[in-house]
Amino acid sequence: MLVSRNCLILKRFGRIYKSMILKKCACFYFRGRLLHGRHFTYKSITGDTAITFVSTGVEGAFATEEHPYAAHGPWLQILLNEEFVERMLEDLEDLASQEVKLPKEYSWPEKKLKITILPESAFDSPLQ
């Protein structure tokens, strides 16, 4: 099975966090992990940065209701409540389509969150 790479880019606190995301699996992670009181982490392909989406009640999380974005060194945690995850699932539904055109940007201004999904070609080395 061939799986194409795509990238999740989040800009927060003036820093850009990049990590791998499989576009067809994005909704699975939100539904399968966050709606069941869990978390999931995207680890950077280019360094030691990581983004962890955390649901309410995850033990050990340093993102809180008062501070839903919490950075600890190169690690960013984003707290997402169930209501917002449901909304994100609706917005991200088109990722399951084979016809989705990349790059694709999703924005939730009231949460100060923007997600950009880039095509695999954005990561092609110019030396190849």
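Everything quoted here is computed from the prediction, not taken from an experiment.
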- request: Please say whether more than 12 non-hydrogen atoms of neighbouring residues, nucleotides or ligands are located less than 6.0 Å from CZ in Arg38.
  value: no

- prompt: Are more than 12 heavy atoms from other residues, nucleotides or ligands located less than 6.0 Å from atom CD of Glu110?
  reply: yes

[atom1]-[atom2] distance between [X] and [Y], expressed to the nearest 0.5 angstrom:
X      : Y      : atom1 : atom2 : answer
Leu113 : Ser107 : CG    : OG    : 7.5 Å
Thr116 : Lys114 : OG1   : NZ    : 7.0 Å
Ile115 : Glu105 : CD1   : CD    : 10.0 Å
Glu86  : Asp91  : CD    : CG    : 11.5 Å
Trp75  : Ile51  : CH2   : CD1   : 12.5 Å

query: Is the closest side-chain heavy-atom distance between Glu82 and Leu35 below 4.5 Å?
result: yes

message: Please determine whether side-chain contact (heavy atoms from CB on, under 4.5 Å) holds for the pair Asn81 and Lys111, giving the CA-CA distance in whole Å, both sets of side-chain angles, and the decisive distance to 0.1 Å.
response: CA-CA 11 Å; Asn81 64 30; Lys111 296 286 188 181; 4.1 Å; yes

query: Once the angle between the rings of Phe84 and Trp108 is folded into 0 to 90°, is it parallel (under 30°), tilted (30 to 60°) or perpendicular (over 60°)?
result: perpendicular

query: Parallel, tilted or perpendicular: which describes the rings of Phe40 and Tyr42, with under 30° parallel and over 60° perpendicular?
result: perpendicular

task: Apply side-chain contact (heavy atoms from CB on, under 4.5 Å) to Leu34 and Met88, showing your working.
output: CA-CA 11 Å; Leu34 294 175; Met88 289 180 79; over 6 Å; no

field: Row check, Tyr69 ring normal vs Lys112 NZ/CZ: under 6.0 Å, within 45°
entry: no

